Structures are given as structure tokens and as C-alpha cells.
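Heads up: the structure comes next, in C-alpha cells.
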Amino acid sequence: MSDALNANAKAKIAVLVSGGGTNLQALIDAEKSGILKSGTIRLVISNRKDAYALERAAKAGIEAFALTKKSCGGQEGFERRLIEEIDSRGIDLIILAGFMSILSEDFTRHFDHRIINVHPALIPSFCGKGFYGLLVHEAALEKGVKVTGATVHFVNEIPDGGEIIMQKAVEVKEGDTPETLQRRVMEEAEWIILPASAEKICAEMCQKGRSV
Ligand code: GAR
């Protein structure tokens, strides 16, 4: 159990990543600029050793390391280690920022309403199992949608199925490739609504004086 949060305390955040970490960077920048003022990033864990996100965390002076399923002997061991690392630091909120691994019901129940995820589409479009990263934008272009966007939502046992916290729409332009669309969705939506959602949830946690 960590100390109960109060009006002066900040919620402790762990960010789980797998890749480039531009969303992690947006969170780090938001904490520096004061957009994220009710929470503080204390831990970054990657499920890939080569994730550039780990370097971003190190540059910002945040504790960061990789934990792979292989090194933990599979999904169960991986989640057990994650829980140990997160709980032992008194983390209040877990943010999935480009974390490309599905978490079990046991895990999501353990952190009920304490895990949020950013998804690069307007849920319920282009979401669920198999829709991640560039594949989401490929599917949106294939369908010919004129508007897409990003969603931040709570994480429960259904992939991309938890309660929606924020969404932002982004225009699809003629001649877009999955890469150009991905970049616009990040710039115009993800990097804005992820820090804003983190602040909203952390502020609510502080107000409620919630303890872990
Ligand atoms: C982001 O677009 C994020 O929304 C997406 O992967 C990218 C990670 O980029 N996440 C998912 O598709 C999860 N279902 P980043 O590592 O630069 O933040």
C-alpha cells in the first residue's frame, strides 16, 4: 500500500511500452510543461529490449528496463513480474503507450480502472485483436473512411473494450499512406489526448485521496 493520495500529492505513473515511444515522450514533455501536473512518471517497462522508448526514459532520468515474456518463462510469469515491479513502487496509474502485448483478465482485474491505453482509431472502429500500430491505419485507408482519430480508454479484459475517456477526430487526406496517416493521428490526436487523459485520471485519483 502506498501513502494515500491527497491534494498535495501526485499520482505515481508507470508507462508500458514496446517501440519508438513517441507517446511516452508526449507524457514526459507534458510533465515538464505542467500539462500533466497531478501525476509523475516513476517507471517505464518495455516488453522489448530494443525499444527506443527505453532510451527516451533514460534521457529523462526515469527508471526504465525491459521485461520479456521469454525472460519470465511465458505470459503468466511476465504478468507476475509486472505486478511485482509495479506494486512494489506504489504505482497508482498504468499507461499503455504503444504497448503491443495483450494482458490477461487476472492482470486487468488486479488494476481495475487503473490502466489506460491509447488506440490509434476512433473506437469502436478498427479496434480489438489484430488492430495495432500501422495495421490500424492500413485498415482505415482500405475502408476509405474520411475521418479517423485516436481514443484513450480504460483497459479491461476485452481488447480495446474498456470505458472511453477521450477521443479526437483527425481528417484523412487524399493520397495518405498508412505512414502519413499514422503521423497525423499521432500529432493531432494521440500526443494531445494521452497526456490530457493522464492528467484527468491522476487529478481524479488525487481528489478521491485514493491509495494503492
Ligand atoms: C501508437 O500509434 C499507438 O497508438 C499504437 O502504437 C503506436 C505506438 O507508437 N498503439 C496500438 O496500436 C495499441 N493497440 P509510439 O511507440 O511512438 O508511442
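Indexing begins at 1, ligand by ligand and atom by atom, following the structure's order. In this text, all values refer to a predicted model and were calculated from it rather than measured experimentally.
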For residues 31-49, which residue pairs qualify under salt bridge (Lys or Arg N to Asp or Glu O under 4.0 Å), counting only residues two or more places apart or in two chains?
-> Lys37-Glu199, Arg48-Asp50

Considering only heavy atoms, which of Leu24, Val152, Val15, Asn23 lies nearest to atom 18 (O) of ligand 1?
-> Asn23

Check whether any heavy atom of Gly133 sits under 4.0 Å from an atom of ligand 1.
-> yes

His119: numbered ligand 1 atoms lying under 4.0 Å from its heavy atoms = 14 (N)

Within-cut-off N or O pair, Thr22 and ligand 1, under 3.5 Å | yes

Is Glu190 in polar range of ligand 1, meaning some N or O pair under 3.5 Å apart?
-> yes

Approximate separation, where rounding is to 0.5 Å, of Arg109 CZ and Asp106 CG = 8.0 Å

Met186: numbered ligand 1 atoms lying under 4.0 Å from its heavy atoms | 1 (C), 2 (O), 9 (O), 17 (O)

Would you mind checking which non-hydrogen protein atom is closest to atom 8 (C) of ligand 1, with the distance to 0.1 Å?
-> Gly98 CA, 3.6 Å

Ignoring hydrogens and angles, state whether a donor on the side chain of Thr108 or Asn156 is under 3.5 Å from an acceptor on the partner side chain.
-> no

4.0 Å heavy-atom contact, Val136 with ligand 1 | no

Take Glu179 and His137, measure what side-chain hydrogen bond (donor to acceptor under 3.5 Å, both in side chains) needs, and give me the verdict at the end.
-> CA-CA 8 Å; Glu179 288 79 9; His137 304 292; over 6 Å; no

Side chains of Asp87 and His110, donor plus acceptor under 3.5 Å = yes

Check whether the side chains of Lys69 and Ser101 place a donor and an acceptor atom closer than 3.5 Å, and report yes or no.
-> yes

Protein contact to atom 16 (O) of ligand 1 [nearest heavy atom, distance to 0.1 Å] = Gly21 N, 2.8 Å

Check side chain to side chain contact (heavy atoms under 4.5 Å, CB included) between Ala60 and all other residues, then give those that pass, not counting sequence neighbours.
-> Ile28, Ile62

What about Ala97: any of its N or O atoms under 3.5 Å from an N or O on ligand 1?
-> no

Just checking, is any N or O donor in the side chain of Gln75 or Ser104 under 3.5 Å from an acceptor N or O on the other one?
-> no

Using non-hydrogen atoms of the residue, decide whether Met100 is closer than 4.0 angstrom to ligand 1.
-> yes

Atoms in ligand 1 flagged as close to Tyr132, the criterion being non-hydrogen separation under 4.0 Å | 12 (O), 14 (N)

